[in-house]
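Predicted model only: the values in this text are computed from it and were never measured.
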Amino acid sequence: MTAPSSHTMRTLAQDDADALLAFELANRAWFERHVEARDRAFYSAQGVARHIADYLDRHAAGAWHPCVLLDAEGRIVGRANLKDIDRAEGSAEVGYRIAHDQTGKGLATFALKNLIELARATWQLKELRAEITHANQGSAAVLRKCGFVHARELPRLAMVDNSWVDGALYLRDLRPA
């Protein structure tokens, strides 16, 4: 999957550990402005290796589809996941995070469009969900651009900066019109 800017997206691999740790460390403060902080144990070689192994186990079980976004040099500049895949319900949740220095370049839209295609073609899903905090208006705009609609409010969605923040649920119907 290639973006016009020569970025690509592919399934996460175990040998991504060093690059993924570098990506997460470089963007930790940026991400934690919008989403719940990861456990401190995550930010180590062993923590990221365990994280990847867990995600790949969930992928093998058909419950997740974890991906990384790469720039032209092969550097990880984002992540995108289908998570909590429910084949019986035909649904999954989407999530993505883009490096701070890569925002505003269309990468979140690129990632989300690729997740929509994965959901349809690989997983045959009927609906996608996204949960975002109200402060994350950039993601809200990307969701709307990709056909998601606001479904309902989510009080106390996440703990960000030691405070509960409210958010919203967005839905995307994948069935043909």
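In this structure, Trp123 is a member of the same hydrophobic cluster as Leu174, with clusters built from ILVMFWY side-chain heavy atoms closer than 4.5 Å. Cluster membership for Leu157 and Tyr96, using ILVMFWY side-chain heavy atoms within less than 4.5 angstrom, is not shared.
Side-chain atoms of Asp86 do not come within 3.5 Å of backbone N or O of Gly90 as any donor-acceptor pair. Panel note: side chain Ser44, backbone Ala41; a donor-acceptor pair is recorded below 3.5 Å. No donor-acceptor distance shorter than 3.5 angstrom exists from the side chain of Asp84 to the backbone of Ala92, with no hydrogens or angles considered. No donor-acceptor distance shorter than 3.5 angstrom exists from the side chain of Arg172 to the backbone of Val149, with no hydrogens or angles considered. Under the 3.5 Å distance criterion, the side-chain polar atoms of Asn27 are matched with a main-chain donor or acceptor of His100. Remark: the backbone N or O of Leu70 is not paired with any side-chain donor or acceptor of His7 at under 3.5 angstrom.
Annotation: side chain of Glu89 is not in contact with side chain of Glu127 (no heavy-atom distance under 4.5 Å). Taking the side chain as every heavy atom from C-beta outward, Thr8 and Leu69 never approach each other to under 4.5 Å. By the 4.5 Å heavy-atom criterion applied to side chains, Arg50 and Tyr55 are not counted as neighbours. Contact annotation: the side chain of Leu128 never approaches that of Glu93 to less than 4.5 Å [non-hydrogen atoms, C-beta and beyond]. In this structure, the side chains of Asp16 and Arg10 come closer than 4.5 Å at one or more pairs of heavy atoms. Between Cys146 and Thr109, some side-chain heavy-atom pair lies under the 4.5 Å cut-off.
The heavy-atom pair separating Tyr170 from Ala140 by the smallest distance is OH-CB, 3.7 Å. Pairing each heavy atom of Asn81 with each of Leu115, the nearest pair is O-CD1, 3.6 Å. The minimum heavy-atom distance between Ser91 and Leu125, with the atom names listed, is N-CD2, 3.8 Å. The shortest heavy-atom contact between Met9 and Ala80 is SD-CB, 4.1 Å. Shown here for Ile98 and Gln102, the closest heavy-atom pair between the two residues is CG2-CB, 3.8 Å. Pairing each heavy atom of Pro66 with each of Leu56, the nearest pair is CG-CD2, 4.4 Å.
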For a ring-ring contact (aromatic ring centres under 6.0 Å, His included) check, start with the C-alpha distance between Phe23 and Phe31, then their side-chain angles and the critical distance, and finish with the verdict.
CA-CA 11 Å; Phe23 165 78; Phe31 295 146; 5.5 Å; yes
Show your reasoning for whether side-chain contact (heavy atoms from CB on, under 4.5 Å) applies to Asp166 and Thr133. CA-CA 6 Å; Asp166 296 338; Thr133 62; over 6 Å; no
- Message: What verdict does the side chain to side chain donor-acceptor pair (under 3.5 Å) test give for Thr11 and His65, after you've listed the backbone C-alpha separation in whole Å, the side-chain angles of each residue and the deciding distance to 0.1 Å?
- Response: CA-CA 7 Å; Thr11 302; His65 198 129; 2.9 Å; yes
Checking side chain to side chain donor-acceptor pair (under 3.5 Å) for the pair Gln137/His134: CA distance, chi angles, key distance, verdict? CA-CA 6 Å; Gln137 288 305 301; His134 286 312; 4.9 Å; no
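Atom CG of Asp173 has more than 12 heavy atoms from other residues, nucleotides or ligands within 6.0 Å.
Atom CZ of Arg58 and atom CH2 of Trp64 lie 5.0 Å apart (nearest 0.5 Å). Here His59 contributes atom NE2 and Ile52 contributes atom CD1; the two are 14.0 Å apart, rounded to the nearest 0.5 Å. Atom CD of Glu131 and atom OG of Ser139 lie 12.5 Å apart (nearest 0.5 Å). Here the CG atom belonging to Leu118 is positioned 7.0 Å from the CG atom belonging to Asn114, to the nearest 0.5 angstrom. Taken from CG in Leu20 to CG in Asp15, the straight-line distance is 11.5 Å, to the nearest 0.5 Å. Residue Ile132 holds its CD1 atom at 10.5 Å from CZ of Phe148, rounded to the nearest 0.5 Å.
Remark: Arg28 qualifies as a cation-pi partner of Tyr43 under the 6.0 Å distance and 45° angle criteria applied to the six-membered ring.
Checked against the 6.0 Å centroid criterion, the rings of Phe42 and His51 qualify as a close aromatic pair.
Glu24 has a carboxylate O that lies under 4.0 Å from a charged side-chain N of Arg79, or vice versa, which qualifies the two as a salt bridge.
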